[in-house]
Amino acid sequence: PEKASAGTVVFIHDQEPPNLRANWVDNNLYATALVLNNIWYGGQIRDNNAKWVTRLFTGPPKLVKRSPLTISFQYSPKANWSDGTPVTCADFRANWQVYINPANNVVSRTGYEDIRSVSCKGKSGTVVFKKVYADWQSLVNAGVFQAKDIRAQLAAGGGDLNKAWENSVPVSNGPWRFQSWQKG
C-alpha cells in the first residue's frame with residue numbers, strides 16, 4: 001500500500017472474452033468480470049462473509065426515505081480516476097443512462113429501469129426509485145464507468161456504445177490499470 005505501483009498482474013484464464021464490455025449481451029463472461037471488477041470499482045463490495053466493505057464510498061449508502069424509495073451516497077474525497085479526475089455522482093448518473101438506453105445491448109436493465117431520478121452534487125448523490133427495489137444496495141454499490149470515458153467511447157464509436165471497450169479500458173478507479181491484451 002505504501003508503493004505508488006505494486007507491479008504487474010498477468011491474468012491468464014481458460015476463457016477469453018470477445019471484448020472488455022462486461023455486462024453486455026456479447027460478453028457476460030466470468031473471466032471478464034474478474035479483471036474489470038478491479039478496474040471499475042464500486043462504492044462497496046461484499047467480503048467472504050457477505051458483509052459490505054467500503055471501496056469508493058465514505059460509508060454505506062443511506063436509506064433516506066421509504067416512499068418513494070430514496071437513497072443517498074457519498075464518494076470518498078480520495079476516489080479518483082487514473083487520469084486524475086475525481087469519481088463523482090455524475091459517473092453513477094452516466095451509468096444509469098447507459099443501462100436504461102434501449103440502444104445499448106446490456107445483459108440486464110434490472111433495477112436501473114426502476115430509478116426515477118439521480119441528482120448529484122459533486123461526490124454526493126441521491127437516487128429516487130419509481131417503486132420499491134429490494135436489491136438497491138447492490139445497484140447503488142455497483143462499479144461505474146467514467147462519465148467522461150462514456151462520452152469519448154460514444155464519439156469514437158459514432159454514438160454506439162455497443163462498440164466500446166473492444167480491446168482496452170482507458171481509465172481505472174480501482175487498483176488495476178489496463179495495459180495490454182495478448183489475444184489468443
Side-chain angles (χ1 to χ4, degrees), residues 17-30 32-33 35-46 52 55-57 60-75 79 81 83 85-166 168-174:
N19 55 57
L20 295 168
R21 269 188 308 279
N23 301 321
W24 243 257
V25 171
D26 65 348
N27 184 7
N28 195 30
L29 300 178
Y30 178 62
T32 310
V35 173
L36 295 180
N37 284 345
N38 285 302
I39 291 175
W40 288 316
Y41 253 19
Q44 297 188 118
I45 192 169
R46 291 201 183 268
W52 287 108
R55 279 188 160 176
L56 294 182
F57 286 165
K62 293 181 176 58
L63 174 63
V64 175
K65 205 161 125 183
R66 291 192 184 277
S67 183
L69 181 62
T70 305
I71 309 302
S72 68
F73 62 88
Q74 171 85 32
Y75 284 105
W81 291 98
D83 66 3
T85 60
V87 178
T88 68
C89 175
D91 298 310
F92 182 89
R93 184 173 40 213
N95 278 258
W96 168 50
Q97 295 299 308
V98 166
Y99 278 92
I100 63 170
N101 184 339
N104 297 328
N105 296 327
V106 295
V107 170
S108 175
R109 300 179 205 296
T110 301
Y112 292 102
E113 66 200 359
D114 296 325
I115 294 175
R116 175 181 295 148
S117 65
V118 176
S119 56
C120 298
K121 186 173 183 182
K123 289 187 171 271
S124 299
T126 302
V127 179
V128 179
F129 287 84
K130 298 174 200 172
K131 60 182 184 176
V132 173
Y133 180 65
D135 198 22
W136 64 264
Q137 284 182 300
S138 294
L139 185 78
V140 173
N141 281 309
V144 294
F145 310 117
Q146 183 189 45
K148 184 170 87 172
D149 184 40
I150 292 170
R151 290 189 298 273
Q153 296 292 333
L154 283 166
D160 186 358
L161 274 184
N162 297 312
K163 298 175 183 172
W165 307 292
E166 286 287 329
S168 70
V169 177
V171 291
S172 167
N173 64 13

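- Checked against the 6.0 Å centroid threshold, Phe92 and Tyr75 do not count as a close aromatic pair.
- Between the OG1 atom of Thr70 and the CG atom of Leu63 there is a distance of 8.0 Å, given to the nearest 0.5 Å.
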Check step by step if side-chain contact (heavy atoms from CB on, under 4.5 Å) holds for Leu161 and Leu154.
-> CA-CA 6 Å; Leu161 274 184; Leu154 283 166; 3.6 Å; yes

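- Each of Asn37, Asn19, Asn27 was scored for a side chain to side chain donor-acceptor pair (under 3.5 Å) with Thr32, with one residue passing: Asn27.
- Note: Trp165 CH2 to Phe145 CZ = 4.5 Å, rounded to the nearest 0.5 Å.
- For residues 122-164, no pair satisfies disulfide bond (SG atoms under 2.5 Å apart), with sequence neighbours left out.
- With contacts defined as side-chain heavy-atom distances shorter than 4.5 Å, the pair Asp135/Leu139 does not qualify.
- Electrostatic pairing of Lys148 and Asp83 counts as a salt bridge here, judged by a charged N lying under 4.0 Å from a carboxylate O.
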Report the C-alpha distance between Tyr41 and Val87 in whole Å, list the side-chain angles of each, state the deciding distance to 0.1 Å, and finish with yes or no for side-chain contact (heavy atoms from CB on, under 4.5 Å).
-> CA-CA 10 Å; Tyr41 253 19; Val87 178; over 6 Å; no

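- Panel note: side chain Arg21, backbone Asn162; a donor-acceptor pair is recorded below 3.5 Å.
- Within the model, atoms CG of Asn38 and CD1 of Ile45 stand 7.5 Å from one another, a figure rounded to the nearest 0.5 Å.
- Side-chain atoms of Val127 and Arg116, non-hydrogen and from C-beta on, never get closer than 4.5 Å to each other.
- A side chain to side chain donor-acceptor pair (under 3.5 Å) with Asp149 holds for exactly one of Gln146, Gln153, Arg151; it is Gln153.
- To the nearest 0.5 Å, the span separating CG on Leu36 from CG on Asn23 amounts to 9.0 Å.
- Using a distance-only test at 3.5 Å, with no hydrogens or angles considered, no donor-acceptor pair links the side chain of Lys163 to the main chain of Ala156.
- Not counting sequence neighbours, Trp24 has no partner by the ring-ring contact (aromatic ring centres under 6.0 Å, His included) test.
- The main-chain N or O of Asp91 is found under 3.5 Å from a side-chain atom of Asn95 such that the two form a donor-acceptor pair.
- The shortest distance between side-chain heavy atoms of Thr88 and Cys120 does not fall below 4.5 Å.
- Rounding to the nearest 0.5 Å gives a distance of 6.0 Å between NZ of Lys62 and OG of Ser72.
- Relative ring orientation between Tyr133 and Phe129 is described as parallel, the plane-to-plane angle staying below 30° on a 0-90° scale split at 30° and 60°.
- Scanning both residues, Pro17 and Leu29, for their nearest heavy atoms gives CA-CD1, 3.6 Å.
- Ser168 places no side-chain N or O within 3.5 Å of a backbone atom of Pro170 that could act as its donor or acceptor partner.
- Residues Asp26 and Asn105 have side chains that never bring a donor and an acceptor to within less than 3.5 angstrom of each other.
- Gln137 places none of its side-chain heavy atoms less than 4.5 Å from the side chain of Pro60.
- Within the 4.5 Å cutoff, the side chain of Trp40 has no heavy atoms near those of the Val144 side chain.
- Rounded to the nearest 0.5 Å, atoms NZ (Lys131) and CD (Glu113) are 7.0 Å apart.
- Considering only residues two or more places apart in sequence or on other chains, Tyr99 meets the ring-ring contact (aromatic ring centres under 6.0 Å, His included) condition with Tyr112.
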